[in-house]
Student: 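Can you read through this structure? Questions will come right after.
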Amino acid sequence: MSHHVFKRAGVLAATVGITGLLGAGIASAHVTANVYGAPATKGGYGAIFFRVPNEDAKLGTIKLEVDIKPEYGIGSVSTKPIPGWTAQVTKSSLPQPVTTASGTKITEAVTKVVWTADTGTKIGQNQFQEFEVSAGPLPANVDQLEFPAIQTYEAGKVVSWDQTATPGGEEPEHPAPTVKLAAKTADGDHASMTASTSDSEASAPASEDTTARWLGGAGLIVGALGLGIGGGAILRSRRTGNTGGSK
């Protein structure tokens, strides 16, 4: 009997340990920029998703500011509506015109996008939200885009995600969201942008309690183990009873 008790305890401890590690991963999450499906291409248009996890145990996230470097010369940024959030796109005059891959000179470019939560709306504990933009034309002379961001919580708490990672070095504590750019393909960038949007809608729903799903999965595993152990105990008791009766 003691053997089975220790075995059960070991299984439960392992499950709890795995769940704890997964929870720790959520707690240390960063604000990131993601492209789903086909990659964003140089000189083209792309759908970019800024994923914002809430890392505070008591305060909710109520604002996200994303800076777009003027030297990128991105002339067009549109935002996808999100219930409970208001988006504002800011354009600024450039000190020097930027020439796009098609030869067009850009004198005014988008330099900031801000999402502000309406009253009663926030990203709560163990939740995240994705903010989608369609942007372009993307620069053709860089391999990676960097988007310094500011995350604002309730009560005025502010966290800046603006540190640049050093090639070959350790990831900084608050890295800026980044997107890698691929060489332009013959298929066209508007098609790849559409594919990226549909893929993300199918595989990455916004505002989802990820930790709860993991805990739910762990609960199912523990429950299944409990049923198996309970069933085994019943069978052993029946066999013991039958043996005793034959005597």
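Numbering starts at 1 and runs along the sequence shown. Remember, it's a predicted structure, so these values are computed and weren't measured experimentally.
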Student: Looking only at the side chains, is there a donor atom on one of Tyr72 and Glu146 sitting less than 3.5 Å from an acceptor on the other?
Tutor: no

Student: Thr86 pairs by side chain to side chain donor-acceptor pair (under 3.5 Å) with which of Thr116, Asp118, Thr79?
Tutor: Asp118

Student: Let me confirm one number: the CD-OG1 distance from Gln129 to Thr121, rounded to the nearest 0.5 Å.
Tutor: 10.0 Å

Student: Whether Asp143 and Lys180 form a salt bridge (side-chain N of Lys/Arg under 4.0 Å from carboxylate O of Asp/Glu) is what I want to check.
Tutor: no

Student: Nearest 0.5 Å please: distance from the OH atom of Tyr153 over to the CD1 atom of Ile62.
Tutor: 11.5 Å

Student: Quick check: closest heavy atoms across Glu173 and Gln163, and the distance to 0.1 Å?
Tutor: N-OE1, 3.2 Å

Student: Does the side chain of Val179 reach to within under 4.5 Å of the side chain of Phe147, using non-hydrogen atoms?
Tutor: yes

Student: Taking Trp161 as the fixed residue, which of Gln151, His30, Glu65 is the one that meets the side chain to side chain donor-acceptor pair (under 3.5 Å) rule?
Tutor: Gln151

Student: Flag the pair Val31 / Pro175 as yes when at least one side-chain heavy-atom distance between them is below 4.5 Å, and no otherwise.
Tutor: no

Student: OG1 of Thr100 to CG of Leu138: how many Å apart, nearest 0.5 Å?
Tutor: 11.0 Å

Student: Quick one: which of Val66, Asn34, Val77, Val133 gives a side-chain contact (heavy atoms from CB on, under 4.5 Å) with Ile48?
Tutor: Val133

Student: Flag yes if Trp85 and Val114 sit in one hydrophobic cluster, no otherwise; membership is Ile, Leu, Val, Met, Phe, Trp, Tyr, and two members link when side-chain heavy atoms are under 4.5 Å apart.
Tutor: no

Student: Quickly, which of Phe49, Phe50, Trp115 forms a ring pair (Phe, Tyr, Trp, His ring centres under 6.0 Å) with Phe131? Name it, please.
Tutor: Trp115

Student: Is there a side-chain contact between Thr90 and Val110, using heavy atoms and a 4.5 Å cut-off?
Tutor: no

